[in-house]
Amino acid sequence: MYRSHNCGELRAAHINTEVTLAGWVQKSRDKGFIVWVDLRDRYGITQLVFDEERTSKALIEQAQNLGREFVIQVKGTVIERASKNPNIQTGDVEILVSELTILNESMLPPFTIEDKTDGGEDIRMKYRYLDIRRNPVKNSLIFRHKVTQEVRNYLSNEGFIEVETPYLIKSTPEGARDFVVPSRMNEGQFYALPQSPQTFKQLLMVGGMDKYFQIVKCFRDEDLRADRQPEFTQIDCEMAFIEQEDILNAFEGLTRHLLKEVNGVEVEKFPRMLYDDAMRLYGNDKPDIRFGMEFGELNAVAQHKDFGVFNSAELVVGIAVPGGNNFTRKEIDKLISWVKRPQIGALGMVYARCNDDGTYKSSVDKFYDQDDLAKWAEATNAKPGDLICVLSGDKNKVRAQLSALRMELAEQLGLRKPNEFAPLWVMDFPLLEWDEETERYHAMHHPFTSPKPGQLELLKTDPGAVKANAYDLVLNGNEIGGGSIRIHDKETQSLMFDYLGFTPEEAKAQFGFLMDAFQYGAPPHGGLAFGLDRLVAILGGQETIRDFIAFPKNNSGRDVMIDAPAPIDDAQLTELSLKLNLKS
Ligand code: ASP
């Protein structure tokens with residue numbers, strides 16, 4: 001028996017008990033005749049005491065030679081601690097050690113295994129197994145476990161069946177590049193790793209599974225924007241014989257359950273917002289609604305004056321920054337430089353101070369009088385003491401710019417409180433999205449998404465205006481899930497492929513299996529998928545997903561611990577009938 005108790009377990013009630021503990025040496029203090037060692041395992045820390053008087057000199061010497069992160073086993077007696085430590089659960093007691101066994105020695109770790117470590121991100125990732133010994137990472141992984149357990153409990157109780165789907169498949173169209181795997185047995189042919197189990201879950205509905213879920217890895221070969229991973233986890237779900245309302249209710253239920261069980265937070269019915277309204281009011285399809293600062297469109301009140309910049313803009317739009325009239329000129333200049341950075345790309349920013357006495361002072365006083373500015377204040381809902389920030393230009397661009405500014409200001413003003421949760425359904429997304437690069441429409445969600453009833457015809461005349469039965473679940477300004485009601489008949493699905501620029505042959509080659517299935521009694525169905533990594537991070541009150549993933553990849557898609565990806569040897573290439581033609 002390696003241990004009778006763990007390192008987080010012993011209390012005053014255990015005093016005088018003989019125990020055996022095992023764990024890692026966190027640190028030791030050596031007073032010569034007495035040595036204290038903090039012994040750590042997943043459950044906590046217990047203080048060991050080696051005392052020349054009460055035990056033996058030999059034992060003290062053994063203790064003095066212990067290094068950080070040595071793995072040891074001790075036998076001893078639980079005794080009351082002279083100076084108690086209220087900061088740890090075992091702080092009332094210590095172990096008077098009678099026997100010490102070194103189970104394994106350790107090299108000096110390259111960074112301190114403390115909550116606040118001296119190790120930077122790179123070194124921690126290289127030695128991730130040491131990083132996992134630290135409380136913040138360990139607790140994040142335990143937290144993730146709790147969330148996934150609750151997901152499984154809830155969905156199981158609601159009658160969902162967890163079904164595994166294959167990883168070696170054919171391309172699934174979720175809008176990213178595929179990771180591919182060469183097939184040795186089928187020369188010159190490749191599997192693709194699933195970007196999601198989308199087509200399989202639809203086939204499970206055709207197969208009559210009725211309610212499916214899976215906690216599943218998905219793979220997308222994208223350039224990694226901050227905080228994305230090439231492999232990530234979804235809670236993937238699908239239901240048959242449902243309408244959009246059923247899906248929204250089912251997964252609102254799951255989210256509410258998680259917030260309650262994991263965070264102890266009760267949330268009202270989730271508000272719903274149309275995609276068009278989200279774009280108009282927040283410039284963003286995943287608005288953070290924990291704070292106001294809604295957009296006020298100013299075309300009607302700011303154009304047709306002598307200010308050319310606004311007159312020539314497609315959209316003039318502003319936000320009121322609460323208390324922003326306190327900003328110094330220097331602070332405002334900083335904001336202006338911020339929106340002009342290439343990442344944001346605004347040409348400039350106009351502002352108006354709302355003075356406490358009800359007057360205004362703007363950066364364009366030459367063109368706008370007090371009455372004009374009062375109308376700006378009305379449109380942006382600005383109060384005395386606020387600052388109105390106004391951007392102008394191309395509608396889509398300017399909305400994105402003002403949205404970025406709104407989030408930045410909210411961050412600066414501390415309005416994005418991690419322990420406040422504001423879920424929101426965003427609905428009726430456009431079916432298609434124009435891609436500047438390929439000059440083609442793409443499915444905004446994926447090609448299996450159904451258009452709103454009666455809108456199929458509109459595809460011919462105004463494809464960009466067609467709305468889809470598609471919805472996203474947004475939490476605190478992050479998309480945590482998204483899905484749609486699917487097309488379930490062959491004709492509509494063929495028509496969709498056609499509109500998306502697939503020839504009938506291409507559609508058949510890529511998705512023939514799905515269209516075939518639709519001819520054998522496909523039930524109406526729909527679903528959604530949550531991004532588990534992000535969901536866990538947000539519920540955990542953080543925005544970075546990396547600490548909630550045991551072995552994450554870096555921004556270049558590398559695992560620096562195992563050093564992957566890596567070349568393979570010639571024999572392996574030959575076996576796969578592959579030849580490299582490297583660019584560099
Ligand atoms: N497969 C979709 C995705 O990965 C989710 C869904 O439509 O259910 O975003």
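Whatever order the structure lists them in is the order used to number ligands and atoms, beginning at 1. Sequence positions, counted from 1, serve as the residue numbers for this chain. Worth knowing before you read on, the calculation uses all heavy atoms, side chains too, and leaves out hydrogens, waters and symmetry mates.
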> With distance as the sole test, does Asn186 use its side chain to make a donor-acceptor pair with the main-chain N or O of Gln189 at under 3.5 Å?
Replying inline: no
> Among Phe160, Phe270, Trp425, whose ring pair (Phe, Tyr, Trp, His ring centres under 6.0 Å) with Phe251 holds?
Replying inline: Phe160
>> Is any side-chain heavy atom of Asp122 closer than 4.5 Å to one of Val560?
In response: no
>> I need the contact residues for ligand 1: any residue with a non-hydrogen atom closer than 4.0 Å to the ligand, ordered by chain then number.
In response: Glu174, Ser196, Gln198, Lys201, Arg220, Gln234, His445, His446, Gly482, Gly483, Arg486, Gly527, Leu528, Ala529
> Using a distance-only test with no angle check, is there a side-chain donor-acceptor pair under 3.5 angstrom linking Glu294 and Tyr282?
Replying inline: yes
> What do you reckon, is CD of Glu268 surrounded by more than 12 foreign heavy atoms closer than 6.0 Å?
Replying inline: no
> Within 45° of the axis and under 6.0 Å from the centre of the six-membered ring of Tyr212, does NZ or CZ of Lys201 qualify?
Replying inline: no
